[in-house]
Amino acid sequence: MEAKQWTVQIYLTQESDDTTARAVLTTRDATRLTGTGHARRNPADPAVPEIGDELAASRALADLVEKLARITQHDITELADSAVPSRSW
């Protein structure tokens, strides 16, 4: 059995109460796909930067998942004779 490895790197930037995350998926053939996410601290909430990082990263990963699912759906449709229902899982 052949083992494959894809990597996801998450880059976080913070400016004041705003955190931005970029999740970059790289496949073994060097294909790259990027998802982005943002978080903004409510001024009434305590300043806990890790929470902003977690929220922005989770949103970036969710965006990446949606993009990967759309690409997969497109690839399946291209190969199939009939349309495949979206979100078959």
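All heavy atoms count here, side chains included; hydrogens, waters and symmetry mates do not.
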Exercise. Take Arg59 and Asp63, measure what salt bridge (Lys or Arg N to Asp or Glu O under 4.0 Å) needs, and give me the verdict at the end.
Key: CA-CA 6 Å; Arg59 289 175 175 170; Asp63 184 43; over 6 Å; no
Exercise. State plainly whether one hydrophobic cluster holds both Leu68 and Ile10, where clusters connect Ile, Leu, Val, Met, Phe, Trp and Tyr through side-chain heavy atoms under 4.5 angstrom apart.
Key: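 Yes, Leu68 connects to Ile10 through the hydrophobic network.
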Quiz item: Under a single-linkage definition using a 4.5 Å side-chain heavy-atom cutoff for Ile, Leu, Val, Met, Phe, Trp and Tyr, are Leu55 and Leu12 assigned to the same hydrophobic cluster?
Solution: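 Leu55 does not cluster with Leu12.
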Practice problem: Please lay out, stage by stage, how Thr72 and Ile76 fare under the test side chain to side chain contact (heavy atoms under 4.5 Å, CB included). | Solution: CA-CA 6 Å; Thr72 304; Ile76 291 169; 3.8 Å; yes
Does the [X] side chain pair with the main chain of [Y], one donor and one acceptor, at a distance under 3.5 Å?
| X | Y | value |
| --- | --- | --- |
| Arg28 | Lys4 | no |
| Arg41 | Asp45 | yes |
| Thr27 | Thr31 | yes |
| Asp18 | Arg40 | no |

Quiz prompt | 4.5 Å side-chain heavy-atom contact, Leu33 and Ile71 | solution =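 Touching, per the 4.5 Å side-chain cut-off.
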Quiz item: Does some side-chain heavy atom of Leu64 sit less than 4.5 Å from a side-chain heavy atom of Val8?
Solution: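 Answer yes - side chains close enough.
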Self-check item: Rounded distance [0.5 Å steps], CH2 in Trp6 versus OG1 in Thr26
Solution: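 So the gap between those two atoms works out to 10.5 Å.
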Practice problem: Any chance you could lay out the side chain to side chain contact (heavy atoms under 4.5 Å, CB included) test for Thr34 and Arg22, step after step, and finish with the verdict? | Solution: CA-CA 7 Å; Thr34 302; Arg22 188 168 50 98; 3.3 Å; yes
Self-check item: Minimal non-hydrogen separation, Ala39 against Ala56, with atom names
Solution: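 Shortest heavy-atom separation between Ala39 and Ala56 comes out as CB-N, 3.9 Å.
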